[in-house]
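In what follows, a structure is listed as structure tokens, so that the remarks can point back to it.
The basis for the numbers below is simple: all heavy atoms, side chains too, and nothing from hydrogens, waters or symmetry mates. Predicted model, so just to flag it, every value in this text is computed and none were measured. Numbered from 1 within each chain, the chains take letters A, B, ... in sequence-line order.
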There are 2 protein chains.
Amino acid sequence: MPAPTVPTLPSAADAAADAAPAFSPLYQQIKGLIMRELQAGLWKPGEAIPSELDLAARFKVSQGTVRKAIDELAADNLLVRRQGKGTFVATHAEQQVQYRFLRLTADDGVTPDMERRLIDCSRLRAPAPVARALDCKSGDAVVLLRRLLLANAKPVVFDEIWLPGTLFKGLTAERLADYKGPMYGMFETEFGVRMIRAEEKIRAVAADAATADVLAVGEGTPLLSVERLSFTYGDKPVELRRGLYNTDHHFYRNALS
Amino acid sequence: MPAPTVPTLPSAADAAADAAPAFSPLYQQIKGLIMRELQAGLWKPGEAIPSELDLAARFKVSQGTVRKAIDELAADNLLVRRQGKGTFVATHAEQQVQYRFLRLTADDGVTPDMERRLIDCSRLRAPAPVARALDCKSGDAVVLLRRLLLANAKPVVFDEIWLPGTLFKGLTAERLADYKGPMYGMFETEFGVRMIRAEEKIRAVAADAATADVLAVGEGTPLLSVERLSFTYGDKPVELRRGLYNTDHHFYRNALS
DNA sequence: AAGTGGTCTAGACCACCTG
DNA sequence: AGGTGGTCTAGACCACTTA
């Protein structure tokens, strides 16, 4: 087969061909197609996707092109490659690191495994700031979760978690309490909502009376305020979370490069 | 030329062939060689390195193999690729983002350009914890810098910066005050010390009297404590820094994936 | 033994930048 | 026009896993 000059993928006719130049390398188009199938739920988290040769045949491109597309998806943590076995859809469940997004470390350097304790789970109308973050209308139904994370039976993190009500219909305190493993794992398997990436805004704040109480610290104690906005496919925000961390014996770690 | 079976780079005879298996793909060996030349200062920050074809010929491998090595170095932020121009040694100077490692953002979302104000610069003997972090002996000569970062003429960050005395011989308050551009840029051009990556530990603390004074906040105000350990080539620690951030109108941003 | 991802090659052409 | 990085292909072989 002769190599055509920058062949446009025939099956990948761009839907909304706007004013944008919108011409991208083949492997980017392949990446987009794979991402769409991921989003559509064609392959479930933890499952293997078709082999590189399969996909190459399917898309009528060379293995190398598929490889480059998958490489990028793996770099984005959407896929996980395992030599000899296959390429798998990334998941928050069944993961060696219990909490992929939690950057907390104990002073002695070990990442403690933490106990979860649900405080309450209520359904209410979204306050304006929450609605703005979650990209829905003020007053829309949302779920508010409040919970604690404890290390060695001592509370370290107090979380308030807002979720869009439409996506989490049957979410109740019981189901949360029953579920073993990370919460994001449950969101995947029970609600089909997969957290892809998140942005955090970190500040230092003083503990108010209520917070001081649940965290068992003095009122006014400096706490780390971690506001997290999590996104699923298509950069759609699906979780707003505010955590208050007691950093007396733990710290938030970050790597720069 | 016939393709030998997993050819070991002839010029890359491993120095300390320890008990370690130590057999790695060709492109990893190439990556190591390029890194060594970077470390040796063969190419200065901001300069172009030889073209891919040049390096391929030099190392007697195909362009694709060099390409993969360079791809990883670019992903590590050691090199910067520029299509049509060449591949360049990454630098903290001449950079669009003034402070590559500073994750501070104003509440309105803009990354403010900040004014630097040096408080003092002193040479002293390393306290034990500093020596431990910098991997030198307690009592060794170190430089201690203290400075402020201001946004709109208001102090936001108070930094205490420890540097190994041996690497920063001629560092004085005058030279610091005179230098325009980011401090890490000066470290590169004046002292040949290049910061490659860093690790940060973040906590919430209460402002003590002295800190409250320089940051113009009340004593006890919650501040973000950002402890940064920076590394140069070979994972050698070369800077310990502790910043105290006033997060009343700014936050520390972080991306998770 | 068969299947998967991982490495390596050689060659073609494209996109971008500079003289 | 000539150089640089960027994309794409086709084919070979290696390393790892499973049956």
Distance check needed: [N] [atom2] versus [X] [atom1], whole Å only.
{"X": "A:K31", "N": "D:dT7", "atom1": "NZ", "atom2": "C1'", "result": "15 Å"}
{"X": "A:Q63", "N": "D:dC8", "atom1": "CD", "atom2": "P", "result": "15 Å"}
{"X": "A:Y27", "N": "D:dT9", "atom1": "OH", "atom2": "P", "result": "13 Å"}
{"X": "A:I49", "N": "C:dG3", "atom1": "CD1", "atom2": "C1'", "result": "15 Å"}
{"X": "A:D71", "N": "C:dT7", "atom1": "CG", "atom2": "P", "result": "9 Å"}
{"X": "A:L79", "N": "C:dG6", "atom1": "CG", "atom2": "P", "result": "12 Å"}
{"X": "A:R67", "N": "D:dA10", "atom1": "CZ", "atom2": "P", "result": "16 Å"}
{"X": "A:E52", "N": "C:dG6", "atom1": "CD", "atom2": "P", "result": "6 Å"}

Would you please confirm or rule out a distance under 4.0 Å between OP1 or OP2 of [N] and any side-chain N or O of [X]?
{"X": "A:K85", "N": "D:dT18", "result": "yes"}
{"X": "B:K68", "N": "C:dT7", "result": "yes"}
{"X": "B:R82", "N": "D:dG5", "result": "no"}
{"X": "B:T65", "N": "C:dT9", "result": "yes"}
{"X": "B:T87", "N": "D:dG5", "result": "yes"}
{"X": "A:S51", "N": "C:dT4", "result": "yes"}

Proximity to the side chain of B:L26 - top-ranked nucleotide from C:dT9, D:dT7, C:dC8:
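Nearest nucleotide to the side chain: C:dC8.
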- A:S62 side chain: which of D:dT9, C:dT9, D:dT7 is closest?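 Nearest listed nucleotide: D:dT9.
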- Considering residues, nucleotides and ligands other than B:N152, do more than 12 of their heavy atoms fall under 6.0 Å from its CG?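 No, CG of B:N152 has 12 or fewer neighbouring heavy atoms, counting only those of other groups under 6.0 Å.
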### Query
Between A:Y252 and A:Y245, what is the ring plane arrangement, given parallel below 30°, perpendicular above 60°, and tilted in between?
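Tilted: the ring planes of A:Y252 and A:Y245 meet at 30° to 60°.
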DNA chain D: A:Q83 or A:V66, which has the more 5' nearest nucleotide?
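The 5'-side residue here is A:V66.
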query = Can you check whether B:I70 reaches B:I49 side chain to side chain, under 4.5 Å on heavy atoms?
reply =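 Counting from C-beta outward, B:I70 and B:I49 do come under 4.5 Å.
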How about B:D235 and B:R197: do any of their side-chain heavy atoms sit closer than 4.5 Å?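 Yes, side chains in contact.
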- Item | Aromatic centroids of A:Y99 and A:Y184 separated by under 6.0 Å |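 Centroid distance A:Y184-A:Y99: not below 6.0 Å, so no.
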